[in-house]
Structure formats: structure tokens, C-alpha cells
Amino acid sequence: MKTFGHLDPYAGDPILSLNEAFQKDPRGDKINLSIGIYFDDAGRIPVLACVRDAEAQMLAESGPKSYLPIEGSAPMRSAVQQLLFGADHEAVTRGRIATLQTVGSSGGLKVGADFLKRWFPDSGVWVSDPTWDNHRAMFEGAGITVGTYPYYDAATGGLKFDAMLQALAALPRRSVVLLHACCHNPTGVDLTAAQWQQLVPVLRERELLPYLDLAYQGYGDGIEQDAQAVRELASAGLTFFIANSFSKSMSVYGERAGALSVVCDSREEADLVLGQMKATVRRNYSSPAIHAAGIVSRVLTEPALRAAWVGDVDAMRERIKAMRRSLHGVLSAKRPGRDFGYFLSQRGMFSYTGMTPQQVDRLRDEFGVYLVRSGRMCVAGLNTGNVERTAAAMAEVLG
């Protein structure tokens, strides 16, 4: 008798499996534009000086490494709230935000999903069409029904905002709406500040529960600017969730440094929410990592490290924008008459190229350029040494 013979084989994560295929590709001129990691112009994952300095301080002060509390490091949790909302925001000063340190923003999303299933069992979750594949998997894995709302306009490379508003206005009350706070993954298409303001009344009138994902803070317009949506919803008096990550902004991917915050109506509600989120964590991984907490709290709270970090994020963002301009320039020159302006208007690490799965396959097989089959491209994988060849290959495949 085979105890586990009835199990289905795991097909693998489409993005991580593609990255594994890239690693096995023997071609020396291959280009990886699939996985969501920031690479510098030399094609390396940068080690930020501010992170190295924070770790040096931690090593110098090294002592016993006991478990963190279930909710994580108090200094990190406080620093996260101030980063997202601003130190003087009334939601912070009145104590009506419940914040957990989590195992990356993915861990925050999963804790939130389990919490919602327990306390809002009849609420479905609605995600943008398209969204990061793991969003659906996480909420469905928690036993929640997941639907979609209109978002990306393939004809323009922009946003179907009117259709999005109409769809949200028709959702059942108490539905959960997953929103990308900035740098939408996978399309790079974001709401404007004015559109966020238009969205707030719909969320309020339908009593919808927003769930924001902020994995790329600083990669859109800047660290402060990219928190605009978070602060807009908080200042409007809405109750909402937000999962955020430091993987990209601090280049600490393997540290799994993230947080989950819930903005509540009062301090009393925040205490209740924090308690039940702690119970959710205890049933899962018990407590988060001490090293990640030390890095984040020091970088965010020590003025010299904070200033260096802001400068590093600014430089990463501007390099990505420069690659967008280069890609746009070469494509426009090779395919005159075709509009590639969406590469300039889309923001952050990702862009939807408009390529079909068959074109993506050809790009990989013939030219060694790896994209996700949806046509999503990680712009941060481009550099001055490969952007022209990438653009030329794309122009050839697009025909």
C-alpha cells in the first residue's frame, strides 16, 4: 500500500519554475526578466550599505537569541506604522492600528486570509484582473471564495478605472477587496491620486473591506509618495488591512522581512484584532525572525541609516526608469508607428509587454530572454549591457 500514492504531483510555481529553467539554460547571453528581484546594472543583487551597517551593529551587540513575541519586535512594529502612516497620523497616535511582524508580506497576506476566514466567513475576496498569482492561491487556500474585478486594459496598456468602480459598487456588502497600493504586480498600472480619492466613497458606501498589498514601496514615486494610498484610506476613516514588505526596498529577500497592519475604529478594536492575529500566528509559525526585525528597525529609526536607505531606494527607482526609457527608445525606433508609451507610464519593477504566450515562448527559445508567459516583464532585470538586445529581440518577435 502506498500511503501517499493518491497525491497529485506539484506542477511548481510558474515564476519560480521559470527561474529554475533560466538557471539551467547553458547560453551565456541569456537574460532573466521573469523573477521579481531587483538587480543592479552589473546584474547583481545589491547589498545595501545601510543594511550591512545595521547588521554590523547587531553583531557587535550580539547576545542571547530568545524567541520574539508572537506579534514580533516592538521597535520594528512601531517603525512600520510610522513608515506607512507617518509618525503623527492620528491612527498611530490613538493606537488604533494593530501591527504584526510577519514572514515577508506573503506571510502577512496568509495570516490575514486565515483571520478573515475565521471572523468574516461569509465574505469573498475580490482581486484585480490580473493580479499576482499567489494572491488567489493564498485566499483560496484559506477556504475563501475569490472573484475578480476589471483592472488592466490590454488595448491601452492602462487602467479600466470606470469599469473597476462599477464592479466594486455592485459587490456584496462586507466583501474584501485586494488592492495594490503602488507598482501593481504584474502590470505596473497604478491608480492616480485622484482615482484613489474617487475610490474611497465606493469602499465606504458598500462597506467594503480593503486589503492593500505594498511590496514595492519607493519604486513608484518615492518612499513617502508611495504610501499615499495607505494614508488616503486611513484619513478617510476606513477600516482596512495592509501587508508590506522590505524584500525589494532593502534588498533582503531571504530575510523574509514584512508586516501586516489592520487599521481599526478604536484602540479597543485594535487590541482585539491584534489578539486574534496573534492566535492565528501561534497556530502557524509561532513567532517571526529576530534578524529581520533588527535590520528593519535599525534602518528605519537611525537617522544616518534611514537617509542612506532613502538614497539607495531613489537610485534603484531611477535606474528602473532609465531602463524603461531605453527599452521604449529602441522599440520605437525598430517598430515605428507602434505605440510603446505604456512602458513609460507603467511604474515599478514590472510591465505588461502585450506579448502573447506564444511570443514569450519564442523570445525564450530563440533569443534566451525569459519573461513570464502572461507577458509580464521584470524591468529591474534590464541593464545597460542587455537592454538593447532585449528590445531588438522583442521587436523581432512582435513583428
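The shortest heavy-atom contact between V111 and T280 is O-CG2, 3.8 Å. What you find for R77 and E71 is that their closest heavy atoms are CD-O, 3.1 Å. The shortest heavy-atom contact between A227 and L83 is CB-O, 4.4 Å. The two residues M277 and L260 make their nearest non-hydrogen contact at SD-CD2, 3.7 Å. Listed here is the closest heavy atom pair of S261 and T99: OG-OG1, 2.9 Å.
Shown are V372, V379, V369; of these, the side-chain contact (heavy atoms from CB on, under 4.5 Å) with L33 is made only by V369.
Around CG of D29, the count of heavy atoms belonging to other residues, nucleotides or ligands within 6.0 Å exceeds 12. Around atom NZ of K334, no more than 12 heavy atoms belonging to other residues, nucleotides or ligands sit under 6.0 Å away. In the displayed structure, E388 atom CD is contacted under 6.0 Å by at most 12 heavy atoms of other residues, nucleotides or ligands.
S105 places none of its side-chain heavy atoms less than 4.5 Å from the side chain of L214. Contact of the V263 side chain with the F85 side chain is registered, since non-hydrogen atoms from C-beta on lie closer than 4.5 Å. Side-chain contact check for F343 versus R325: every heavy-atom pair is 4.5 Å or farther apart.
A cation-pi arrangement is found for K30 relative to F22, the charged atom lying closer than 6.0 Å to the ring centre and inside a 45° cone about the ring normal.
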